[in-house]
Amino acid sequence: MSQQTPNIPTPQAIRGTQDIFGADAEAFAFVVETFERVRKLYRFRRVEMPVFEKTAVFSRSLGETTDVVSKEMYSFEDRGGESLTLRPEFTAGIARAFITDGWQQYAPLKVATHGPLFRYERPQKGRYRQFHQLDAEVIGAAEPQADVELLVMADQLLKELGIADGVTLQLNTLGDGASRDAWRAALIEYFRAHAAELSEDSQDRLERNPLRILDSKDPRDKVFTGNAPKIDDYLSAEAQDFFGKVTSGLDAAGVDWTRAPTLVRGLDYYRHTAFEFVTDRLGAQGTVLGGGRYDGLMEALGGPATPAVGWAAGIERLAMLVGGESVNFDPTPVFAIVPDSPSMRDEADRIAAHLRSVSTRPDRNSDYYIWTSFKGQGKKLAEKAKKEKVDAILFVREGEKPEDRLHLTNVKGSQGDAMDDLFNILARLPAPYTSLSGEG
RNA sequence: GCGACCGUAGCUCAGCUGGUUAGAGCGCCGGUUUGUGGUACCGGAGGUCGGGGGUUCGAACCCCCUCGGUCGCCCCA
């Protein structure tokens with residue numbers, strides 16, 4: 001290995017960013033690919049959104065007083081003196097595009113996207129300053145069936161990722177605007193009576209975000225949360241009916257859920273349905289997918305009143321649940337092409353090039369993968385190939401007759417049909433190599 | 001923003017209450033052996049002990065500052 005150049009300090013990675021590699025990167029890709037498949041199944045349209053927006057897009061939609069806006073955004077002035085912000089979430093930007101790009105003509109519009117988000121927070125397990133989310137939104141649909149479809153899709157995604165076990169859907173309603181405001185007022189009144197006995201955090205929350213006191217972890221607060229006013233007592237008949245249709249829709253679709261009366265949303269724009277898929281396997285960052293209805297958002301951005309629902313899911317949290325070195329995300333067999341001697345290098349390269357050029361199936365996936373190296377031959381290279389976890393090694397050796405020149409060795413011990421499959425693939429070899437020797 | 005723990009070769013770590021040239025395994029490079037269901041052996045390169053300051057005859061080890069990591073609080077997906 002080469003030495004580092006002295007006296008030139010290597011710049012460090014930014015705190016809270018990640019260089020994702022190896023099994024983690026495979027798990028990440030598996031999550032994204034699964035999401036893409038499910039999103040197409042439900043006919044959500046793919047959108048690509050800018051990574052930065054005018055700061056007002058977020059400050060208006062999330063609320064100036066929220067922690068995200070007041071202390072977690074990466075905001076800066078560009079060279080024109082305009083205040084811009086690296087997106088801390090997807091919804092606000094999509095809502096902005098809905099208004100400014102005339103997407104209203106497609107309403108009700110189902111869109112999905114994924115990519116990096118930025119929040120200046122203290123890094124910890126499952127939380128980074130640059131993190132990645134999957135996102136799905138239904139815009140322009142006031143019907144509870146939209147909430148149901150979104151939740152059914154989320155449920156199917158988690159099942160297809162193989163992580164549905166141990167993840168529970170917690171569901172709540174915040175009511176319509178009037179219900180929510182009445183409940184909020186009642187909560188403030190109730191907690192204010194006990195203000196002195198609450199935790200310092202909750203005394204602060206009392207002013208800024210009283211709903212949040214309900215899911216406080218502090219035992220001093222928990223004493224009071226049990227008897228706090230319930231949203232159910234403040235729901236209008238319409239809001240009650242709406243929530244009833246969501247739950248019956250979920251039951252009809254066979255999605256398990258539990259009522260979580262203290263589940264609230266941190267951001268101001270949420271109404272009605274609020275939900276989180278929660279696991280107990282990720283420590284403090286247990287929410288793996290969360291969202292709700294945000295009927296008030298479009299107006300906050302100066303657009304027409306437009307009902308909408310959506311959710312987002314943390315890709316690295318999903319990847320951690322999927323993870324594990326042992327998981328094989330892709331069963332496609334891998335062949336190593338190994339020249340037995342330096343003189344067979346070109347021949348080996350020729351064979352590898354041919355196999356790669358004929359590998360593509362009509363569905364654009366490959367039947368097999370080909371591993372090669374840039375140097376080495378024979379024994380050493382075979383050892384290296386095994387460390388790369390190839391399924392079989394095709395040795396290219398010197399020999400008079402073409403059938404003597406190729407030798408297939410099965411590395412992983414598959415037999416019978418599996419071995420036949422490997423041989424069948426090599427039947428696609430060019431002219432001289434119509435047969436080859438090998439062992440199973 | 002607050003708290004706890006941690007920071008020794010590319011990786012995972014050892015280094016006794018501060019005491020001579022800082023170690024192991026894996027990996028890497030070279031070689032010998034072995035014709036291939038993750039060979040065996042020999043040799044080699046590679047470390048400002050995160051960085052800076054201090055205490056001491058002497059610091060990887062003690063103290064302070066700083067940077068970074070991990071896990072909580074907060075916030076949130």
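No experiment lies behind these values; they were computed from the predicted model shown. Computed from heavy atoms alone, side chains included, the values below leave out hydrogens, waters and symmetry copies.
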Using a 4.0 Å heavy-atom cut-off, does [X] contact any base of the nucleic acid, only the sugar-phosphate backbone, or nothing at all?
{"X": "A:Lys217", "result": "sugar-phosphate"}
{"X": "A:Phe277", "result": "nothing"}
{"X": "A:Gly22", "result": "nothing"}
{"X": "A:Gly126", "result": "base"}
{"X": "A:Ala382", "result": "base"}
{"X": "A:Asp340", "result": "base"}
{"X": "A:Val338", "result": "nothing"}

For [N], the Watson-Crick or wobble partner whose two distances fall under 3.5 Å:
{"N": "B:rC2", "result": "B:rG72"}
{"N": "B:rG7", "result": "B:rC67"}
{"N": "B:rU32", "result": "B:rA40"}
{"N": "B:rC49", "result": "none"}
{"N": "B:rG19", "result": "B:rC57"}
{"N": "B:rG27", "result": "none"}

How many whole angstroms separate atom [atom1] of [X] from atom [atom2] of [N]?
{"X": "A:Gln130", "N": "B:rC76", "atom1": "CD", "atom2": "P", "value": "21 Å"}
{"X": "A:Tyr294", "N": "B:rC76", "atom1": "OH", "atom2": "C1'", "value": "17 Å"}
{"X": "A:Asp204", "N": "B:rC74", "atom1": "CG", "atom2": "P", "value": "12 Å"}
{"X": "A:Asp24", "N": "B:rC11", "atom1": "CG", "atom2": "P", "value": "16 Å"}
{"X": "A:Glu200", "N": "B:rG3", "atom1": "CD", "atom2": "P", "value": "14 Å"}
{"X": "A:Leu157", "N": "B:rA77", "atom1": "CG", "atom2": "P", "value": "17 Å"}
{"X": "A:Phe395", "N": "B:rG35", "atom1": "CZ", "atom2": "C1'", "value": "8 Å"}
{"X": "A:Phe28", "N": "B:rA77", "atom1": "CZ", "atom2": "C1'", "value": "13 Å"}

Given the [atom1] atoms of [N] and [M], what is the spacing between them in whole Å?
{"N": "B:rA4", "M": "B:rU8", "atom1": "C1'", "value": "22 Å"}
{"N": "B:rG44", "M": "B:rG7", "atom1": "P", "value": "31 Å"}
{"N": "B:rA9", "M": "B:rA14", "atom1": "P", "value": "12 Å"}
{"N": "B:rC74", "M": "B:rC28", "atom1": "P", "value": "46 Å"}
{"N": "B:rG38", "M": "B:rG43", "atom1": "C1'", "value": "24 Å"}
{"N": "B:rC49", "M": "B:rG23", "atom1": "C1'", "value": "12 Å"}
{"N": "B:rG69", "M": "B:rU12", "atom1": "P", "value": "15 Å"}
{"N": "B:rG27", "M": "B:rC11", "atom1": "C1'", "value": "7 Å"}

Under 3.5 Å, side chain of [X] to main-chain N/O of [Y], donor-acceptor pair present?
{"X": "A:Ser202", "Y": "A:Ser199", "result": "no"}
{"X": "A:Arg129", "Y": "A:Glu121", "result": "yes"}
{"X": "A:Thr55", "Y": "A:Ser83", "result": "yes"}

Exercise. OP1, OP2 of B:rC76 versus side-chain N and O of A:Arg265: anything below 4.0 Å?
Worked result: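 It does not, given that no N or O in the side chain of A:Arg265 lies less than 4.0 Å from OP1 or OP2 of B:rC76.
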For this session: Return no unless some side-chain N or O of A:Arg122 is found under 4.0 Å from OP1 or OP2 of B:rG72.
Result: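 So the side-chain polar atoms of A:Arg122 never come under 4.0 Å of the phosphate oxygens OP1 or OP2 of B:rG72.
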Exercise. Would you say A:Phe131 stacks on B:rA77, if stacking means ring centres under 5.5 Å apart and planes within less than 30 degrees?
Worked result: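 So yes, this residue stacks on that base, both cut-offs being met.
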Taking only the side-chain heavy atoms of [X] (C-beta and beyond), determine which of [options] contains the nearest atom.
{"X": "A:Asp67", "options": "B:rC75, B:rA77, B:rU36", "result": "B:rC75"}
{"X": "A:Gln124", "options": "B:rU70, B:rC75, B:rG72", "result": "B:rG72"}
{"X": "A:Arg15", "options": "B:rG68, B:rA77, B:rC74", "result": "B:rG68"}

For this session: Compare every heavy atom of A:Glu137 with every heavy atom of A:Tyr294, then report the nearest pair and how far apart it is.
Result: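 Of all heavy-atom pairs spanning A:Tyr294 and A:Glu137, the closest is OH-OE1, 2.5 Å.
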Exercise. Taking C-beta and beyond as the side chain, do A:Tyr42 and A:Glu149 meet within less than 4.5 Å on heavy atoms?
Worked result: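 Side chain of A:Tyr42 against side chain of A:Glu149, heavy atoms only: contact under 4.5 Å found.
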Exercise. How about A:Trp311 and A:Asp135: do any of their side-chain heavy atoms sit closer than 4.5 Å?
Worked result: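 Heavy-atom side-chain distance check fails, nothing below 4.5 Å.
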For this session: For the pair A:Phe76 and A:Phe52, name the ring-plane relationship: parallel under 30°, tilted 30 to 60°, perpendicular over 60°.
Result: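 It falls in the parallel class, under 30°.
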Problem set entry | Residue from A:Arg46, A:His132, A:Glu48 passing side-chain hydrogen bond (donor to acceptor under 3.5 Å, both in side chains) with A:His114 |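 One option only clears the test, and that one is A:Arg46.
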For this session: Using the closest heavy atom to pick a nucleotide of RNA chain B for each, name whichever of A:Glu316 or A:Ile14 lands nearer the 5' end.
Result: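 The residue mapped nearer the 5' terminus is A:Ile14.
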Problem set entry | Earlier contact from the 5' end, RNA chain B, for A:Asp215 and A:Gly291 |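 Its nearest nucleotide lies further toward 5', so the answer is A:Asp215.
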Exercise. Checking only heavy atoms, does the side chain of A:Arg127 share a donor-acceptor pair with the base of B:rC71 at less than 3.5 Å?
Worked result: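 No.
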